[in-house]
Amino acid sequence: QVRLVESGGGLVQAGGSLRLSCAASGRTGSTYTMGWFRQAPGKEREFVAAIRWSGGMTNYADSVKGRFAISRDNAKNTVCLQMNSLKPEDTAVYYCTAVAGFLLTIPRSLPEYDYWGQGTQVTVSS
């Protein structure tokens, strides 16, 4: 089992920045693809970004491309999401997620991920 704990959410004005962090514990290892999804009120959980185990390959939702950046530190078992130029439509609960195994591509759908954090609220005011 892998436990994921998010931190760094909060309230920010439009145009501002936030940095989310996710710490993994348990049966961790560098061969996990890790990522972030988000869920706004009344909407389905959607893919935001993910990074492959090697750290070299990333994938972003079109809505955040160019504004968000995902990174990971395998030695510390952490993954971060730097969010810049935030918009009110970025308001959501952000969930850290992970899937084990050596994957050639980065999955973008919920069923493809094995582990989930409890979520952290991000609120962007206009």
Side-chain angles (χ1 to χ4, degrees):
Q1 282 289 343
V2 174
R3 181 168 179 256
L4 304 175
V5 179
E6 304 96 335
S7 61
L11 173 65
V12 65
Q13 288 188 333
S17 299
L18 280 176
R19 184 176 178 87
L20 304 182
S21 295
C22 174
S25 61
R27 295 184 62 181
T28 58
S30 60
T31 56
Y32 282 85
T33 292
M34 298 185 71
W36 297 88
F37 279 68
R38 66 186 181 186
Q39 188 166 18
K43 295 187 177 181
E44 294 185 351
R45 195 172 298 189
E46 64 176 6
F47 173 80
V48 175
I51 185 167
R52 209 179 69 165
W53 69 276
S54 66
M57 178 184 289
T58 59
N59 200 333
Y60 295 92
D62 288 343
S63 59
V64 306
K65 203 172 292 183
R67 300 188 297 123
F68 291 10
I70 190 170
S71 61
R72 69 185 295 166
D73 185 334
N74 287 340
K76 297 181 179 179
N77 292 322
T78 58
V79 62
C80 293
L81 185 68
Q82 178 66 44
M83 305 185 295
N84 300 323
S85 302
L86 283 161
K87 305 175 182 180
E89 50 264 45
D90 294 318
T91 295
V93 177
Y94 283 70
Y95 296 90
C96 180
T97 187
V99 55
F102 179 76
L103 305 178
L104 295 179
T105 60
I106 294 178
R108 296 167 62 99
S109 64
L110 266 71
E112 296 180 278
Y113 285 87
D114 298 322
Y115 304 102
W116 295 88
Q118 81 288 350
T120 185
Q121 177 70 46
V122 171
T123 303
V124 184
S125 62
S126 56

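Fair warning: this is a prediction, and the values are worked out from it, not measured in the lab.
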**Request:** Enter the distance from T105:OG1 to N59:CG here, rounded to the nearest 0.5 Å.
**Result:** 8.5 Å

**Item:** Atom pair OH (Y60) and CG (L81), whose distance is rounded to the nearest 0.5 Å
**Value:** 7.5 Å

For [X], which residues count as a side-chain contact (heavy atoms from CB on, under 4.5 Å) partner, sequence neighbours excluded?
X    : value
S126 : P88
K43  : A40
V12  : L18, L86, V124
E46  : R38

**Prompt:** Does anything in residues 10-25 pair up under side chain to side chain donor-acceptor pair (under 3.5 Å), and if so which pairs, sequence neighbours excluded?
**Reply:** S17-N84, R19-Q82

**Prompt:** Quick check: does any side chain N or O of R72 sit under 3.5 Å from a backbone N or O of R52, one acting as donor and the other as acceptor?
**Reply:** yes

**Request:** Return the set of residues passing salt bridge (charged side-chain N to carboxylate O under 4.0 Å, His left out) with K87 (not counting sequence neighbours), or none when no residue passes.
**Result:** none

**Message:** So, using salt bridge (charged side-chain N to carboxylate O under 4.0 Å, His left out) as the criterion, who are the partners of R67 when residues are at least two apart?
**Reply:** D90

**Message:** By the disulfide bond (SG atoms under 2.5 Å apart) test, which pairs, at least two apart or in different chains, include something from residues 93-126?
**Reply:** C22-C96

**Asked** Are L11 and V93 connected in a single hydrophobic cluster, I mean Ile/Leu/Val/Met/Phe/Trp/Tyr linked by side-chain heavy atoms less than 4.5 Å apart?
**Response** no

**Message:** Using the rule that Ile, Leu, Val, Met, Phe, Trp and Tyr join whenever any side-chain heavy atoms are under 4.5 Å apart, tell me whether V5 and Y94 fall into a single cluster.
**Reply:** no

Minimum heavy-atom separation for [X] and [Y], please, with both atom names.
X    : Y    : value
I70  : G35  : CD1-CA, 4.1 Å
T33  : P107 : CG2-CD, 4.2 Å
I106 : A50  : CG2-CB, 3.4 Å
M34  : V79  : CE-CG1, 3.7 Å

**Prompt:** Does any pair with a residue in residues 98-126 pass salt bridge (Lys or Arg N to Asp or Glu O under 4.0 Å), and if so which ones, sequence neighbours excluded?
**Reply:** none

**Request:** Could you check if a side-chain atom of L20 sits within less than 4.5 angstrom of a side-chain atom of E6, using non-hydrogen atoms only?
**Result:** no

**Asked** Taking C-beta and beyond as the side chain, do W36 and F68 meet within less than 4.5 Å on heavy atoms?
**Response** no

**Counterpart residues, side-chain hydrogen bond (donor to acceptor under 3.5 Å, both in side chains), relative to T123 (two or more places apart)** = Q121

**Those residues that, when tested against R3, pass side-chain hydrogen bond (donor to acceptor under 3.5 Å, both in side chains) (two or more places apart)** = none

**Prompt:** What pairs with F37 under ring-ring contact (aromatic ring centres under 6.0 Å, His included), at least two apart in sequence or on another chain?
**Reply:** F47, Y113, W116

